[in-house]
There are 2 protein chains.
Amino acid sequence: MRGKRATSYDVAKLAGVSQSAVSRTFSPNKSASKKTRAKVLAAAQELGFVPDPIAKSLSLGRSRLAGLVVTQYAQQNYPVALKSAVDVMTETGDSILLQIVDATDDGDTAIARLLRRRVDVILCAAGVSEAAARTCAEASVPLVLINRRLNFAGVDQVGSNHAMVMRGVAQHLKDTGTRRTVFLDAGEGNWVAAERRRGYVAACAHVGLPEPDILVGDFDYEGGFKAVAQMGDAARNFDAFVAANDPMAIGAIDALTLELGLSIPADVQVIGHDDTAMARLRGYRLTSIRQDMRTILSKAIEMAYGRLEEPQREDADLLIDSTFVPRGSTRD
Amino acid sequence: MRGKRATSYDVAKLAGVSQSAVSRTFSPNKSASKKTRAKVLAAAQELGFVPDPIAKSLSLGRSRLAGLVVTQYAQQNYPVALKSAVDVMTETGDSILLQIVDATDDGDTAIARLLRRRVDVILCAAGVSEAAARTCAEASVPLVLINRRLNFAGVDQVGSNHAMVMRGVAQHLKDTGTRRTVFLDAGEGNWVAAERRRGYVAACAHVGLPEPDILVGDFDYEGGFKAVAQMGDAARNFDAFVAANDPMAIGAIDALTLELGLSIPADVQVIGHDDTAMARLRGYRLTSIRQDMRTILSKAIEMAYGRLEEPQREDADLLIDSTFVPRGSTRD
DNA sequence: TGCATTTTTGCATCCGGATGCAATTTGGAT
DNA sequence: ATCCAAATTGCATCCGGATGCAAAAATGCA
């Protein structure tokens, strides 16, 4: 095995058959007699032959690469997401090309890079312009949006069912005697936070809770802390804070307890989102919401490859249920 | 641009030159006259031609793919690491194939997969057997170990200088009147924790602190909490807890304060590792150590590609300084 | 056993760019 | 203008597998 690796020609020569026979032996559903197959496999074994994926890509016109675009936040805060995506893909012999976008949530550049790389499909958990979607369509590369929304023919979408889980949150708050609530949103351009806000606002209306005040933080701990701290005593007028993510919720808790001396959950309830490791700390015990990222990603992969087979299929738009995870920052 | 994408032949025809001319125009350092180049570029522009990376890979024998193996822990806890690696690679037109290994820290399977994929180089921040290293060598794929150690010719290594930073930690503890300390280690097979332990133990000897007791947790919050909680009142005999990572340190803090009623840092000092988001929470203000993952990864990439050019180069073993980040869980 | 099918097999060519070599053009110096 | 060296160009072939097609072999049926 020193030096160069064996090619199908080497195997063919050793097995005394043609290169085509070798190729066919390694492709499923191709005609090859038992005898030939055995000879080829023996020779391949001896030479340590593995079909070259690059040559395969060239002749099949498939790179067996899937592009995945995520935000920096997602990369860090969904523990199993990336791993399960990689695992799912690995099983079929495909791999993931990762692109990470920062707070701007602009996936267009990432998509352009992935297309240049000739990925077979793109899963995008970042913002996407119509122009980018069109580019994908022109290249016949299926594009699946994750927790984002875009009305463009041929683009499938999967995401969390925020409306549904937020209804449970609002109901829970109402049942525990809450009246006035604050939603801790993130700044402009944070699509995910906005979706959660919309879900919560709608849920309040639905269960008969007053419309929440909207407070804008930075989608991180300091942002949540500062936003609430700056409210000063005005914060005392609210019974609950629902945050777009856990770090902001924890920031809110620190502001409420350390700055205002309020007690949680007796005086005020706090709810986060994403069920991160922080939420489990005994110092906080933050009630949170867990997205089913595993399912979301595996569905996204399924949809992407499904469309590769059947480009004209009707557009899909899947909503995956999230789970409410009650802990000590809310009352029963 | 509907349908199939343009090839170098299409461009050649439109520009009225040979396909070789097109190829040469798109390869740096190849002879091509200004005139030809201009004609080709114009035609390419018109057809939206981009050289196919797959065909390129096949003829150049380079996939322009780098394998990166990380543990699940690393994937989540080094905020900028993955992103900066992806960015560094993207600049040169290369991409990263990610493999994530779980707590077993066994990178061999991941490496085998990457080799089958024909990556050009492999960066591995997980355990590697000699056999796997040999396989890489046979395939002429440079292997760079990150925060791991293996004595095998041709394998380069980069990692944090634990000995150095731990010396600072031990000195700081000594200067603040500490005598007996505990190192919160993780279980068998956690290479990173073990490296940090060795660094700390050596540092204690170096600065004249008593040899620390070793306590084994699970490398996570619950593990740290339980390990310290189970010590019971015995924990009161120690002046400081140095943990192999932040979650364990936070777990220790919760056990010390909530279970034993100790106060931090007055009664006992606690130090974590990795400077995660948790460490910055006002409820903990954990003193920690920050690895310079950005530098570590970019050096790893540099070394890997360097060796691709110069396979016989002397083995490198680089130590990157970590930073001590003092916060409220230690005294000045 | 003989003839018609169905399988299996090998040949040749394709996928899309890179490159050694020889032919041709260009440029410089005289 | 003339000759030589250097730069440019095109041709042909390679990278390693996949596959349509036609020839060859194996199988079925009478």
Side-chain angles (χ1 to χ4, degrees), chain A residues 1 3-41 43-44 47-65 93 115-120 139-140, chain B residues 1 3-41 43-44 47-65 93 115-120 139-140:
Chain A
M1 209 155 301
K4 314 219 50 64
R5 63 194 283 152
T7 73
S8 58
Y9 290 89
D10 301 330
V11 175
K13 187 150 47 142
L14 180 61
V17 297
S18 73
Q19 179 266 335
S20 330
V22 178
S23 172
R24 286 196 257 259
T25 299
F26 282 89
S27 318
N29 317 325
K30 293 290 173 195
S31 58
S33 69
K34 273 204 177 73
K35 238 181 1 185
T36 309
R37 184 160 259 134
K39 280 193 290 185
V40 169
L41 289 176
L47 297 175
F49 169 76
V50 178
D52 186 329
I54 297 173
K56 223 164 169 150
S57 293
L58 182 61
S59 63
L60 291 179
R62 288 275 157 85
S63 64
R64 311 226 60 173
L65 249 30
L115 287 176
R116 232 171 307 157
R117 253 297 187 175
R118 310 236 49 190
V119 296
D120 295 332
S140 310
Chain B
M1 212 153 302
K4 316 221 48 69
R5 62 194 285 153
T7 72
S8 59
Y9 290 90
D10 302 329
V11 175
K13 187 150 47 138
L14 181 59
V17 299
S18 72
Q19 180 266 336
S20 330
V22 178
S23 172
R24 285 195 257 258
T25 299
F26 282 90
S27 318
N29 316 326
K30 293 290 174 195
S31 58
S33 69
K34 273 206 174 73
K35 241 186 351 190
T36 308
R37 184 160 259 135
K39 280 193 290 184
V40 169
L41 289 176
L47 296 175
F49 169 76
V50 178
D52 185 331
I54 297 173
K56 224 164 167 150
S57 294
L58 183 60
S59 62
L60 290 179
R62 288 276 157 87
S63 63
R64 311 227 57 175
L65 250 28
L115 287 176
R116 232 170 308 156
R117 254 298 187 175
R118 311 236 46 191
V119 295
D120 294 333
S140 311

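Letters A, B, ... are given to chains in the order of the sequence lines, protein chains preceding strands, and every chain is numbered from 1. Basis for what follows: all heavy atoms, side chains included, without hydrogens, waters or symmetry-related copies.
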For this session: May I ask you to evaluate whether A:Lys30 reaches the phosphate of D:dA18, defined as a side-chain N or O under 4.0 Å from OP1 or OP2?
Result: no
Problem set entry | C:dG17 base / B:Arg24 side chain donor-acceptor hit below 3.5 Å | no
Seminar exercise, completed: Here the residues of residues 50-61 of chain A within 4.0 Å heavy-atom distance, strictly under, of DNA chain C are A:Leu58, A:Ser59
Problem set entry | Verdict with supporting geometry, B:Arg117 and A:Leu65, side chain to side chain contact (heavy atoms under 4.5 Å, CB included) | CA-CA 10 Å; B:Arg117 254 298 187 175; A:Leu65 249 30; 3.4 Å; yes
Problem set entry | Nearest-Å distance for atom pair CG/P, residues A:Asn29 and D:dA18 | 13 Å
For this session: Starting from P on D:dA7, measure out to NZ on B:Lys34 and report it in whole angstrom.
Result: 14 Å
For this session: Describe the nucleic acid contact of B:Phe26 in one word from base, sugar-phosphate, nothing, applying a heavy-atom distance below 4.0 Å.
Result: nothing
Exercise. Quick one: does B:Val50's side chain get under 4.5 Å of B:Arg5's, heavy atoms only?
Worked result: yes
Problem set entry | Distance-minimising heavy-atom pair for A:Ser27 and A:Arg37 | O-NH2, 4.3 Å
For this session: May I have the distance from B:Lys39 (atom NZ) to D:dT8 (atom P), rounded to whole angstrom?
Result: 14 Å
Exercise. Base, sugar-phosphate, or nothing for B:Val22, non-hydrogen atoms under 4.0 angstrom?
Worked result: nothing
For this session: Could you go through the side chain to side chain contact (heavy atoms under 4.5 Å, CB included) check for A:Phe26 and A:Leu41 one step at a time?
Result: CA-CA 9 Å; A:Phe26 282 89; A:Leu41 289 176; 4.1 Å; yes
Exercise. Taking only side-chain nitrogens and oxygens of B:Ser18, does any of them come within less than 4.0 Å of OP1 or OP2 of D:dG10?
Worked result: yes
Exercise. Roughly how far, to the nearest 0.5 Å, is OG of B:Ser23 from NZ of B:Lys56?
Worked result: 8.0 Å
Exercise. Any idea which heavy atoms bring B:Ala139 and B:Leu115 closest together, and the distance?
Worked result: CB-CD2, 4.3 Å
Exercise. Would you say B:Ser33 reaches D:dT8's phosphate, i.e. side-chain N/O to OP1/OP2 under 4.0 Å?
Worked result: no
Exercise. Considering heavy-atom distances to DNA chain D, does A:Tyr9 or A:Lys35 have its closest nucleotide positioned more toward the 5' end?
Worked result: A:Tyr9
Exercise. Is the base of C:dC11 touched by the side chain of A:Ser20 through a donor-acceptor pair closer than 3.5 angstrom?
Worked result: yes
Problem set entry | Contact check, side chains of A:Asp52 and A:Thr7, non-hydrogen atoms, under 4.5 Å | no
Problem set entry | Side chain of A:Gln19 - closest among C:dT19, D:dG10, D:dT19 | D:dT19
Exercise. Rounded to whole angstroms, how far apart are CZ on B:Arg64 and C1' on C:dG17?
Worked result: 14 Å
Exercise. OP1 or OP2 of C:dG17 sitting under 4.0 Å from any side-chain N/O of B:Ser8?
Worked result: yes
For this session: Rounded off to whole Å, could you give me the CZ-to-P distance for the B:Arg62 and D:dC15 pair?
Result: 16 Å
Exercise. So, is B:Ser23 close to the C:dA18 phosphate, meaning a side-chain N or O under 4.0 Å from OP1 or OP2?
Worked result: yes
For this session: Please report, rounded to the nearest Å, how far the C1' atom of C:dG16 is from the CZ atom of A:Arg116.
Result: 18 Å
